[in-house]
Amino acid sequence: MEKAAIRQQILHDLNRRYATKKYDPNKHLAPADWETILTAGRLSPSSYGYEPWKFVLLDQQARQDIQPFAWGAVASAKGADKLIAILVRKDVTYNSPYVQHLVRNIKHKEFSETDPRTLNFKNFQENDLQLKTDQDRYNWASRQAYLALANMLMAAARLDVDSCPIEGFNYAQMNQYLADRGVMDPAHWGVAVMASFGYRDQEITPKVRQPLTDIYEEM
């Protein structure tokens, strides 16, 4: 495919993506499409490649239970084929068990607290980013979760699947609910964002955005 055609396809997909407010509950994703969307999240970039996320598919009981405190997810809960919560870790530190697991069992490298890469990550977190608390690390991991979310939304658009990113919920209540359901340990995890996927039962309205000249400058 020539570059001009690729550019046109990218812009088509960006305009195709729409925060769907009303889904057709009778339409369902093909399993291969859903796996591709999840894989787009899995393959997303993360700081130091430490993948501080988990994608949790909410079941029908959860869809009903969360509606009183997840106003932004009500329409998705009633009609979207898939509704997920993206969790992020609050315990990613240079020598945490999770990081040691990733280094040894996923990246297949030796782990040492005195390794230059380990010390570099420690300095990066503690000095450059000033990550001192679990809340700091949660915020840092949440920013990375949005990279995965964006890739999933774009993969969905490429597959002609509709989607909606969701922040409209009470985070404390959502965290407590998922903890009570045994989905996560709140000492290590927190909800970053939610998203739904399915097929819309509404028309896409044209994008309205600021012109590029208002949001881009060169030094």
Side-chain angles (χ1 to χ4, degrees), residues 1 4-45 53-88 142-171 173-175 177-178 181 183 191-212 214-215:
M1 184 181 293
I6 294 173
R7 289 193 293 268
Q8 185 177 17
Q9 186 64 65
I10 290 171
L11 294 177
H12 172 272
D13 291 348
L14 287 166
N15 281 288
R16 166 66 180 78
R17 188 214 58 77
Y18 177 76
T20 301
K21 305 301 189 298
K22 185 179 181 182
Y23 288 94
D24 185 339
N26 299 311
K27 293 184 178 179
H28 306 284
L29 275 68
D33 286 350
W34 182 232
E35 183 175 354
T36 297
I37 292 168
L38 289 172
T39 301
R42 183 178 70 84
L43 295 177
S44 297
W53 48 56
K54 179 185 290 186
F55 312 119
V56 177
L57 181 65
L58 302 188
D59 61 17
Q60 291 301 320
Q61 184 62 55
R63 288 179 180 230
Q64 295 179 31
D65 293 342
I66 68 172
Q67 290 187 36
F69 54 84
W71 56 269
V74 171
S76 293
K78 292 180 178 179
D81 188 43
K82 309 292 183 183
L83 178 62
I84 65 169
I86 302 181
L87 313 183
V88 291
S142 292
R143 294 195 294 270
Q144 297 169 66
Y146 278 75
L147 298 176
L149 172 64
N151 280 344
M152 295 172 79
L153 299 180
M154 285 305 299
R158 180 83 284 271
L159 293 166
D160 209 30
V161 171
D162 296 292
S163 63
C164 185
I166 301 167
E167 287 185 321
F169 57 92
N170 183 292
Y171 278 70
Q173 289 179 278
M174 180 65 74
N175 283 323
Y177 176 77
L178 294 177
R181 284 286 305 270
V183 172
V191 180
V193 67
M194 297 171 64
S196 58
F197 300 87
Y199 293 96
R200 70 183 186 277
D201 188 18
Q202 64 181 131
E203 293 300 318
I204 294 177
T205 57
K207 292 266 190 301
V208 179
R209 297 289 190 271
Q210 299 178 73
L212 188 59
D214 286 0
I215 63 169

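A side-chain contact (heavy atoms from CB on, under 4.5 Å) with Leu159 holds for exactly one of Thr36, Leu29, Asp13; it is Thr36.
With respect to the salt-bridge test (charged N to carboxylate O, under 4.0 angstrom), the residues Lys27 and Asp81 do not qualify. Ionic pairing of Arg16 and Asp162 is present here: one or more N-O contacts between side-chain nitrogen and carboxylate oxygen are shorter than 4.0 angstrom. By the 4.0 Å N-to-carboxylate-O rule, Arg209 lies too far from Asp214 to be salt-bridged with it.
Ser76 and Ile166 get closest at one heavy-atom pair: OG-CD1, 3.7 Å. Contact record, Leu58 with Met194: CD1-CE, 3.8 Å, taken as the closest heavy-atom pair. Ile204 and Asn15 get closest at one heavy-atom pair: CG2-O, 4.3 Å. Across all non-hydrogen atoms, the minimal contact from Trp71 to Phe169 is NE1-N, 4.1 Å. The shortest non-hydrogen separation linking Phe69 to Gln173 is CB-OE1, 3.4 Å. Scanning all heavy atoms of the two residues, the minimum distance from Ser196 to Tyr23 falls at OG-OH, 2.8 Å.
To the nearest 0.5 Å, atom CG of residue Asn151 and atom OG of residue Ser44 are 3.5 Å apart. For the atom pair Arg158 CZ and Ile10 CD1, the distance stands at 10.0 Å (nearest 0.5 Å). Leu14 contributes atom CG, which lies 10.0 Å from atom CD of Gln9 (distance to the nearest 0.5 angstrom). Taken from CZ in Phe197 to CG in Leu57, the straight-line distance is 10.5 Å, to the nearest 0.5 Å. Rounded to the nearest 0.5 angstrom, Tyr199 OH and Asp160 CG are separated by 7.0 Å. If you take CD1 on Ile6 and CG on Leu11, they are separated by 12.0 Å, rounding to the nearest 0.5 Å.
When side chains are defined from C-beta on, Ile86 counts as touching Leu149, because their heavy atoms get closer than 4.5 Å. Counting only heavy atoms from C-beta outward, the side chains of Leu178 and Leu87 approach each other to under 4.5 Å. Two residues are said to be in side-chain contact when any heavy atoms from C-beta on lie closer than 4.5 Å; Arg200 and Lys22 fail this criterion. Contact check for Arg181 versus Asp59: side-chain heavy atoms found under the 4.5 Å cut-off.
Looking at Thr205, its side chain never comes within 3.5 Å of a backbone N or O of Glu203 through a donor-acceptor pair. Gln210 places no side-chain N or O within donor-acceptor distance of the main-chain N or O of Ile215, the cut-off being under 3.5 Å.
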Practice item. Determine, step by step, whether Val191 and Val88 satisfy the side-chain contact (heavy atoms from CB on, under 4.5 Å) criterion, reporting the C-alpha distance in whole Å, the side-chain angles of both residues, the deciding distance to 0.1 Å, and the verdict. Key: CA-CA 6 Å; Val191 180; Val88 291; over 6 Å; no
Practice item. Please report the C-alpha distance between Ser163 and Arg17 in whole Å, then the side-chain angles of each, then the deciding distance to 0.1 Å, and finally whether the side-chain contact (heavy atoms from CB on, under 4.5 Å) criterion is met. Key: CA-CA 7 Å; Ser163 63; Arg17 188 214 58 77; 4.3 Å; yes
Exercise for review: Begin from the C-alpha positions of Arg42 and Leu38 and carry the test side-chain contact (heavy atoms from CB on, under 4.5 Å) through to its verdict.
Suggested key: CA-CA 6 Å; Arg42 183 178 70 84; Leu38 289 172; over 6 Å; no
Review point. For Ile84 and Val56, what are the C-alpha separation, side-chain angles and deciding distance, and is it a side-chain contact (heavy atoms from CB on, under 4.5 Å)?
Key: CA-CA 5 Å; Ile84 65 169; Val56 177; 6.0 Å; no
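Within a 6.0 Å radius of CD in Gln61, more than 12 heavy atoms belonging to other residues, nucleotides or ligands are found. Surrounding CD of Gln202 are more than 12 heavy atoms belonging to other residues, nucleotides or ligands, all under 6.0 Å away.
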